[in-house]
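To keep things clear, I will list the structure first and then write my remarks on it.
Order of the sequence lines sets the chain letters (A, B, ...), proteins ahead of strands, with each chain counted from 1. Please read these numbers as outputs of a predicted model, since none were measured by experiment.
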Amino acid sequence: MSKRRPYVRSMDGWWRKNPFYVEYMIHECTALFVAAYAFVLLVGLVRLGQGEAAWNGWLDALRSPVSVAFHVVFLAVIAYHTYTWFVIMPITLPPIIIGGKTVGPGVITGGGLLAAVVVSLVMLALVWRIV
Amino acid sequence: MMKAGLKRSNAPIFWGLFGAGGMLSALFGPVLVFITGIAVPLGLLLPKGAMSYPKMQAFAQNFIGKSFIFAVIALFLWFAAHRIFHSLHEIGIHAGLGAKLICYGSAFASTVIAAYVLLVLGF
Amino acid sequence: MSENHKIIEIEVLRYNPESDDEPHLEVYKVPFSDDMSVLQGAQYIKDNFDGSLTFRWSCRMAICGSCGMMINGIPKLSCETFLRDYYPSRIRIEAMANFPIEKDLVVDLSGFIEKLESIQPYIIAKEPRTLEQGEYLQTPEEFNRYIQFTSCINCTLCYAACPQFGLNPDFIGPAAIALLHRYNMDSRDGAAAQRMELVASEEGVFNCSAVGYCSEVCPKHVDPANAVNINKTNAAKDYFLRFLSPKGGSK
Amino acid sequence: MEIFKADVVIVGGGGAGLRAAIAVAESDPALKIALVSKVYPMRSHTVAAEGGAAGVKKPSDSFDYHFHDTVGGGDWLCEQDVVEYFVEQAPVELTQLEHWGCPWSRTEDGHVNVRAFGGMKIERTWFAADKSGFHILHTLFQTSIKYPSIKRFDEHFCVDLLEEDGRCQGVVVIEMGTGEFSMIEAASVIIATGGAGRVFRESTLGGIVTGDGMALAYRHGVALRDMEFVQYHPTCMPVTGLLFTEACRGEGGFLVNKDGYRYLQDYGLGPLPDKPKNKYMELGPRDRLSQAFFFEQQKGRTIEHPTLGSVVHLDLRHLGEAHLRERLPLIYEMAETFMGLDPAKDPIPVRPGVHYTMGGIKVDGNCAASLPGLYAIGECSSVGIHGANRLGSNSLTELLVFGKVAGVAAAKNARSAAPGNSASLLKQAQAIEQRVMALKTRTGGTERIAGIRKEMAQTMEDGCGIYRMQDTMQATCDKLAELRERFKNISIDDKSSVWNTDWLTAIELDYQLDVAQSMAHSAINRKESRGAHQRLDGYELRDDVAFLKHSEAYYVAGGAPRIVLGDVKITKSQPAARAYGAAGEKADQERKESNV
């Protein structure tokens with residue numbers, strides 16, 4: 001009879017055991033805020049569908065200090081999501097070869113962040129022009 | 001030797017929606033929050049009336065605008081649902097089908113609602 | 001080794017399946033010199049204090065892949081980690097995380113080996129060639145496509161770094177998938193479609209949530225996370241394309 | 001006791017063992033193969049080989065050149081018919097490995113590239129950066145997975161051979177994970193357990209290189225041949241002994257003493273050529289380079305380092321970081337990690353360290369030992385291609401060429417052998433189990449394993465180093481006899497069953513003491529200087545009259561080995577002066593002229 005008795009360690013609280021995992025869990029949690037913001041937009045869309053008064057009510061609600069405070073938090077967290085999304089991108093993409101050389105991870109992350117900045121500026125410009 | 005009895009994962013559907021939503025929210029998330037939640041309500045930077053009813057109604061009736069609104073709401077939620085479902089598993093809440101239904105179910109319901117409203121708003 | 005030794009405290013997670021219910025920590029005071037690795041610290045304990053201390057090791061030069069352990073909570077090869085970098089603090093060594101502990105620092109690797117075997121880690125020739133025909137030609141581009149993924153030494157530090165493997169031991173995991181990718185990317189091989197069945201299965205790549213720590217701890221810079229994620233894209237393509245073409249994708 | 005019936009059992013899962021397993025599987029898929037390895041096969045020490053594997057590749061090269069480099073490099077102690085077969089098969093086997101996926105480094109046009117190596121007239125070393133052994137081993141291991149007839153016994157430790165009716169019929173192994181014994185019956189037994197360099201102190205070798213298979217065969221009456229020839233590699237990391245591959249010099253590295261002087265030109269390896277030239281200077285053979293270090297040290301021209309001891313510098317700086325990163329990535333990393341220096345900016349302190357045992361289990365050209373049914377391959381064997389000094393990059397090729405030969409021969413033997421008597425083999429196995437268990441269960445011992453091991457390694461270093469003398473060798477022989485005696489009083493702390501490495505280490509030490517004795521006694525018996533065996537006590541010259549002979553050590557229970565001299569097979573190369581540098585070129589020229 002074999003005397004083997006392999007000991008399986010518990011996974012409880014694994015994410016607290018290493019700073020790398022803590023950061024991972026934080027950036028995973030940004031999803032909660034993305035969801036919350038998407039629900040705010042969904043409510044806005046429903047209100048839009050219900051007519052002008054409903055829509056203005058939603059706009060009023062957005063002006064409340066509580067709402068503004070929430071959105072400031074959303075902005076910070078979602079911006080962090082943007083940052084981590086592009087930091088991870090080099091490991092998720094197949095190698096990009098330009099002119100016989102593989103594009104480095106720094107360039108991919110930098111390119112992604114730059115794209116986010118450009119998108120933001122274009123969006124602001126579009127909204128500006130709409131007026 | 002290859003294992004026998006492998007079951008194909010249906011994850012690509014959810015993973016695809018997750019990836020698309022993650023990318024969209026990384027690119028557009030911050031600026032949208034800033035516009036809809038901070039700049040417009042506080043009247044910062046952007047002119048007044050940027051999100052007035054007529055403007056938004058026109059935007060939502062325009063095909064591009066409609067698509068954009070739909071993509072943002074639906075994909076943000078599918079992205080979030082996928083991540084939250086995984087995180088629940090990671091912190092040891094293996095609610096299995098229940099958690100799956102809550103996460104992906106709410107994303108699905110929201111998608112249907114968004115689609116319905118956008119259709120009702122007309123073209 | 002110089003004679004004026006400093007003393008470092010090494011805390012070891014001990015487990016003897018024949019006498020212990022669960023692992024416990026024991027502290028040893030080890031004289032060391034600046035050139036001593038953590039592995040040599042463990043050897044010192046075995047040679048001088050307790051011959052029953054059990055760990056795997058061999059080459060001492062970070063190529064055989066035997067001596068991985070958790071060193072202050074981080075998966076590392078003990079032969080290329082030096083005591084001087086921890087002194088004067090106490091250093092803690094434990095068996096690699098996410099694997100069952102057999103005894104002291106030795107973990108059960110049989111599951112990993114089975115996974116390695118399951119990915120068909122050999123050339124299944126696209127165009128078979130006889131020895132008389134000589135070698136296959138490979139351009140530098142073809143060579144560079146897979147060479148990085150051949151560097152894996154099977155040390156399994158990436159598994160010790162992967163919480164998804166810890167949570168689901170059936171997950172094929174980083175090193176095995178990196179090796180699978182190595183063969184898929186080799187211009188001599190033509191069996192990527194066969195291997196897709198495993199890649200796309202419930203034990204396959206979609207268990208990965210892109211934590212990325214596997215690539216961080218890899219002592220040979222293989223970047224297994226990249227291999228896994230490239231195969232997610234491949235598996236997703238395969239998933240959808242099989243509806244479009246009768247030949248696209250595996251059954 | 002568990003019983004497993006195989007047709008061929010292979011002990012050792014390194015390059016040679018894996019190649020043999022594949023050869024058996026390919027030659028007859030119906031044969032059952034048991035592959036026993038005390039580590040997972042990809043951990044085997046083949047993994048640490050760096051430089052590459054020799055095989056004729058360039059049009060300017062020829063089998064004849066490879067033959068002469070090998071035989072001359074071995075100081076004419078090679079079996080020349082075996083060398084002829086070896087050099088012809090080398091390119092075939094290396095190409096086979098390419099077909100199996102080995103990532104050999106390539107030229108721009110996609111062909112396999114070759115590099116220069118010490119003692120070789122033409123570049124013929126196939127390489128995979130500086131991780132050639134690693135890639136060869138992993139390629140073989142992964143390829144072996146393709147064959148369902150290969151059943152692996154990973155992390156199983158072989159404790160004895162089963163011998164009955166005058167033939168070898170199997171092995172007894174311990175499963176390390178449980179401490180339980182199994183008997184593996186097989187008509188053919190192949191030993192492929194690698195070298196024994198760990199009997200020395202400062203070596204390039206992994207902890208597993210303990211000569212197990214040599215001792216197993218030796219105890220069953222098979223001769224260990226040419227055991228006195230132990231190769232010191234000239235460029236090792238001080239203290240740890242870790243290897244800086246010969247490819248460092250193949251790529252153009254220099255060896256300099258404390259004055260920055262390329263001292264090899266003073267030892268028959270010059271004059272200094274304008275650019276790296278095969279068989280000149282740093283591209284001389286290993287024994288000569290290690291011997292030159294010894295004399296530099298005697299003359300006080302080595303660099304005295306406070307913690308590293310006497311060293312010379314391996315200077316790679318002129319090769320540039322880009323080239324080093326491409327061709328010598330492992331060396332680069334090792335220098336950075338272990339020594340905290342940048343080889344593109346700093347010279348690397350090095351000194352000779354024990355690297356390879358030229359001798360081993362005496363086998364014929366078919367890898368068959370004197371005990372029928374028993375075969376040996378790789379570093380544990382002496383098939384006769386290394387002679388008194390192995391040329392760099394011949395050993396990786398050896399394990400491929402002869403791994404295949406042994407596999408085919410063992411398969412053939414297994415098909416024709418009469419079935420063994422299982423019941424009486426089991427009885428034998430149970431007796432072996434009792435004997436080996438007794439080592440663990442006995443109490444009251446006072447000798448620590450590490451203590452005896454250290455004294456053994458020190459005395460081997462003292463008596464059987466680069467240069468040898470009668471009285472120090474005698475002291476080593478005496479010390480080993482003393483240690484053999486003290487081993488009987490060994491204490492084993494760990495009495496458990498699961499993963500008892502304390503017990504296994506003691507069994508290994510027992511093997512090592514036997515092998516060390518065969519080395520020391522073969523050395524003291526050879527009263528001449530040849531290849532890696534160099535004396536400073538009146539026997540400084542080669543003596544072909546008395547000693548153009550193999551040493552064969554036979555086990556004597558409880559005593560010193562019996563040393564017998566055996567004949568050397570000479571076909572087309574008569575012994576001549578062994579010369580390198582300009583003198584070598586001149587000798588080559590003269591040989592050519594006399595042949596015309």
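- Between chain D and the options C/Asn154, C/Asp189, C/Asp186, heavy-atom pairs under 4.5 Å are most frequent for C/Asn154.
- One N or O on the side chain of C/Tyr136 and one on the backbone of C/Glu127 form a donor-acceptor pair closer than 3.5 Å.
- The most heavy-atom pairs under 4.5 Å with chain D, out of C/Ser66, C/Cys79, C/Cys155, come from C/Ser66.
- Contacts between D/Glu93 and chain C at a heavy-atom distance below 4.5 Å are absent for every atom of the residue.
- Within the 3.5 Å criterion, the main-chain N or O of C/Pro100 finds no donor-acceptor partner in the side chain of C/Asp108.
- For C/Ser151, the parts lying near chain D are the backbone and the side chain together; criterion is any non-hydrogen pair under 4.5 Å.
- Both the backbone and the side chain of D/Arg43 come within contact range of chain C, judged by heavy atoms closer than 4.5 Å.
- A ring-centre distance under 6.0 Å is not found for C/Tyr183 and C/Phe149.
- The candidate with the highest count of non-hydrogen atom pairs below 4.5 Å against chain C, out of D/Val39, D/Leu205, D/Leu94, is D/Leu205.
- If you tally non-hydrogen atom pairs under 4.5 Å between each of C/Leu116, C/Leu179, C/Asn16 and chain D, the highest count goes to C/Leu179.
- Between C/Phe99 and C/Tyr159, the ring-plane angle classifies as tilted under the 30° and 60° cut-offs.
- Geometric assessment of C/Arg84 against the ring of C/Phe82 yields a positive cation-pi assignment under the 6.0 Å and 45° thresholds.
- When each of D/Glu155, D/Lys454, D/His45 is scored by its heavy-atom pairs under 4.5 Å with chain C, the top score falls to D/Glu155.
- No donor-acceptor distance shorter than 3.5 angstrom exists from the side chain of C/Thr81 to the backbone of C/Ser78, with no hydrogens or angles considered.
- Note on D/Pro329, D/Ser497, D/Gly177: by heavy-atom pairs under 4.5 Å with chain C, the leading option is D/Ser497.
- With hydrogens and angles disregarded, a donor-acceptor distance shorter than 3.5 Å links the side chain of C/Lys103 to the backbone of D/Trp499.
- Highest contact tally toward chain C, considering only D/Met237, D/Glu333, D/Met42, is held by D/Met42 [criterion: heavy-atom pairs under 4.5 Å].
- Considering only heavy-atom pairs separated by less than 4.5 Å from chain C, the leading option among D/Ile449, D/Leu308, D/Thr46, D/Thr240 is D/Thr240.
- Here D/Arg106 pairs with D/Glu98 in a salt bridge; the nearest charged N to carboxylate O distance falls below 4.0 Å.
- Heavy atoms of D/Lys57 lying under 4.5 Å from chain C belong exclusively to its side chain.
- With a 4.5 Å cut-off on non-hydrogen atoms, C/Arg60 touches chain D through its backbone and its side chain both.
- No other option in C/Ser110, C/Ala62, C/Ser37, C/Cys59 has as many heavy-atom pairs under 4.5 Å with chain D as C/Cys59.
- There is no contact between C/Ser187 and chain D, counting heavy-atom distances below 4.5 Å.
- Interface remark: D/Lys131 contributes side-chain atoms only to the contact with chain C (heavy atom separation under 4.5 Å).
- Heavy-atom pairs under 4.5 Å with chain D peak, among C/Glu102, C/Glu142, C/Glu80, C/Lys220, at C/Glu80.
- Between C/Lys46 and C/Asp104 there is no salt bridge, since no side-chain N of the basic residue sits under 4.0 Å from a carboxylate O of the acidic one.
- Chain D forms more heavy-atom pairs under 4.5 Å with one residue of C/Ile113, C/Ile124, C/Ile147 than with any other, namely C/Ile113.
- Looking at D/Ile208, the atoms closer than 4.5 Å to chain C (heavy atoms on both sides) sit in the backbone and in the side chain alike.
- Ranking D/Leu242, D/Thr139, D/Thr95, D/Asp109 against chain C, the residue ahead of the rest is D/Leu242, based on heavy-atom pairs under 4.5 Å.
- With 3.5 Å as the limit, one finds no donor-acceptor pair spanning the side chains of D/Asn113 and D/Thr107.
- With a 4.5 Å cut-off on non-hydrogen atoms, D/Trp100 touches chain C through its backbone but not through its side chain.
- For D/Trp503, no part sits under 4.5 Å from any heavy atom of chain C, backbone or side chain.
- Under a 3.5 Å cut-off, the side chain of D/Ser132 and the backbone N or O of D/Gly51 do form a donor-acceptor pair.
- Relative orientation of the D/His138 and D/Phe134 rings is tilted, given thresholds of 30° and 60° on the angle between their planes.
- No donor-acceptor pair under 3.5 Å is formed between the side chain of D/Asp494 and the backbone N or O of D/Asp502.
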